[in-house]
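First listed ligand is number 1; within each ligand, the first listed atom is number 1.
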Amino acid sequence: MTEVQSTAPEAGIPGDPIDAVPTRPRIAVVFGGTSSEHGVSCLTAASVLRVIDAERYDVVGIGITRSGRWVIADAETIAGLHVTGGQLPELTEDAADAVLVRSATGSDLAVRQQSSLAQLGPVDLAFSLLHGPFGEDGTIQGLFEMMGTRYVGAGVLASAVGMDKHFMKLVFSASGLPIGPFVTITPAEWERDKAACLDAVAALTYPLFVKPARGGSSLGISKVEDESGLAQAIEFARGYDPKVIIEQGFVGARELECGVLGDPMGGTPVASEVAEIRMHTESGFYDFQAKYLPEEQVDLDVPANVPPDIADQVRAWAVRAFEAVGCEGLARVDVFVTRDLKVVINEINTMPGFTEHSMFPRMWDASGLPYAELVDRLIRLGLDRPVGLR
Ligand SMILES: Nc1ncnc2c1ncn2[C@@H]1O[C@H](COP(=O)(O)OP(=O)(O)O)[C@@H](O)[C@H]1O
Ligand SMILES: [Mg+2]
């Protein structure tokens, strides 16, 4: 028999205005996950936990292990997640199960200890720090919607569109935002007729970037200089996602990024200072190593040393991209500036890298919003937001 003991404080009522939320709301920080960005998400959780105001918020950690189990992660476990000997951290499987229970007013968190459930009380806000599929792609956002849990960031559709580079490009181009030439190969198309897929790619000019359509952190991406490397690069990308996107490379383009935050009063989203990534990587692009491991391979200029009209253009289009996709909370928009000074949108990330040293927090810091205040702002935005259709 399952025994439920409650140690819960009074619940806030989802759907009610902010003043219905308890004075010290419980924030569930959700991190780890089954995607290839598990380790990066663990680093983010440690970083966020260091700055979250424990007097204002009652923070509880929910780790998702590589196998997909939800476990309770205490502050000590989270604090211990860091890079060791060049290896990203990973959650172990030995912690107790975390269980989210739908209540009449929202969701409660419980911990399973053998055959009994100990209730930890209501979750006022889920702060998901998951990257990649099953985290950043609308799936967990759908779960939160079903559970009546308020959460930080983009909703189901915006998350799904922001994760899928194919649909993202369709939305951008329909909104008048400039994108580069590309070809998508679905798993069915590849299995049906590989030669026809390779023919379709022949319309593009090399070098090409071959990517998992729903990847992140540059994992599974190859730069291909000529036809001889194409099929192998497609197979490599398919190891990360059966759906692959192939883009024409922007040779000699500069790579800029811009942070966008939702407005707490429901007004126009705001854009941060623009930053530039300057690479000296062997692969010639902003690859996984450069993103998370040795620092020497990349220079991050925050703010970017670009003419003001370029920075303004990037900011304006970053806000337009945010609205085109229907984002909420936060997003990072990445662009290329071509040699003839044209701005082209590369992608939007609805859960951008979010450690203290990541570009998104750094751009906001340079815009006058330090990391701890940024975390607080996102929590407030999430708590203010009604559940259900918005
Ligand atoms: N079309 C392109 N032209 C030039 N460089 C590219 C292109 N697409 C990707 N890159 C390089 O590869 C990196 C990763 O690609 P991106 O699409 O941003 O994937 P991810 O979602 O994994 O971050 C970019 O930051 C950039 O350095
Ligand atoms: Mg990117």
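Below 30°, between 30° and 60°, or above 60°: for F354 and F360 the angle between ring planes is between 30° and 60°, a tilted geometry. Ring pair F250/F336 is tilted by interplanar angle, where 30° to 60° counts as tilted.
Looking only at heavy atoms of the protein, atom 18 (O) of ligand 1 is closest to E347 OE2, 2.8 Å. Here the protein heavy atom with the shortest distance to atom 1 (N) of ligand 1 is Q248 O, 3.0 Å. F209 CD1, 3.5 Å is the protein heavy atom nearest to atom 2 (C) of ligand 1. With hydrogens left out, the protein atom closest to atom 3 (N) of ligand 1 is F250 N, 2.8 Å, a heavy atom. In terms of protein heavy-atom proximity, atom 12 (O) of ligand 1 is nearest to F285 CD1, 3.2 Å. Of the protein's non-hydrogen atoms, K291 NZ, 2.8 Å is the one closest to atom 23 (O) of ligand 1.
Close approach of ligand 1 to K211 is summarised as follows: ligand atoms under 4.0 Å from at least one heavy atom of the residue are 8 (N), 9 (C), 15 (O), 16 (P), 17 (O). Close approach to G249 involves these atoms of ligand 1, each under 4.0 Å from a residue heavy atom: 1 (N), 2 (C), 3 (N). Within ligand 1, the atoms closer than 4.0 Å to a non-hydrogen atom of E247 are 1 (N), 8 (N), numbered from 1 in the order shown. Per-residue contacts place K165 under 4.0 angstrom from the following atoms of ligand 1 (heavy atoms of the residue considered): 17 (O), 19 (O), 20 (P), 21 (O).
At least one heavy atom of S218 sits closer than 4.0 Å to an atom of ligand 1. Not a single heavy atom of K223 sits less than 4.0 Å from an atom of ligand 1.
In this structure the side chain of L256 reaches within 4.5 angstrom of the side chain of I310, judged on heavy atoms. When side chains are defined from C-beta on, E189 does not count as touching T184, because their heavy atoms never get closer than 4.5 Å.
Applying the side-chain contact (heavy atoms from CB on, under 4.5 Å) test between E255 and each of R278, M279, E276 identifies M279 as the sole match. When I62, T44, I52, L125 are each tested for a side-chain contact (heavy atoms from CB on, under 4.5 Å) with V29, only one passes: I52.
Remark: the backbone N or O of M351 is paired with a side-chain donor or acceptor of H131 at under 3.5 angstrom.
For E76, the CD atom counts as loosely surrounded, since its 6.0 Å shell holds 12 or fewer non-hydrogen atoms of other residues, nucleotides or ligands.
By the 4.0 Å N-to-carboxylate-O rule, R238 lies close enough to E191 to be salt-bridged with it. Using a 4.0 Å cut-off between charged side-chain N and carboxylate O, E145 and R390 make a salt bridge.
When distances to the Mg ion (ligand 2) are checked against a cut-off of 2.8 Å, E347 contributes an N, O or S atom below that limit.
Only side-chain heavy atoms of I221 come within less than 4.0 Å of ligand 1; its backbone N, CA, C and O stay farther off. Residue-level proximity to ligand 1 for V251 is absent, since no heavy atom of it falls below 4.0 angstrom. Residue Y286 touches ligand 1 through backbone and side chain together, judged by heavy-atom distances below 4.0 Å.
Ligand 1 has no nitrogen or oxygen under 3.5 angstrom from a nitrogen or oxygen of M279. At least one N/O-N/O distance between E255 and ligand 1 falls below 3.5 Å.
Between R150 and D124, the closest heavy-atom pair is CB-O, 3.4 Å.
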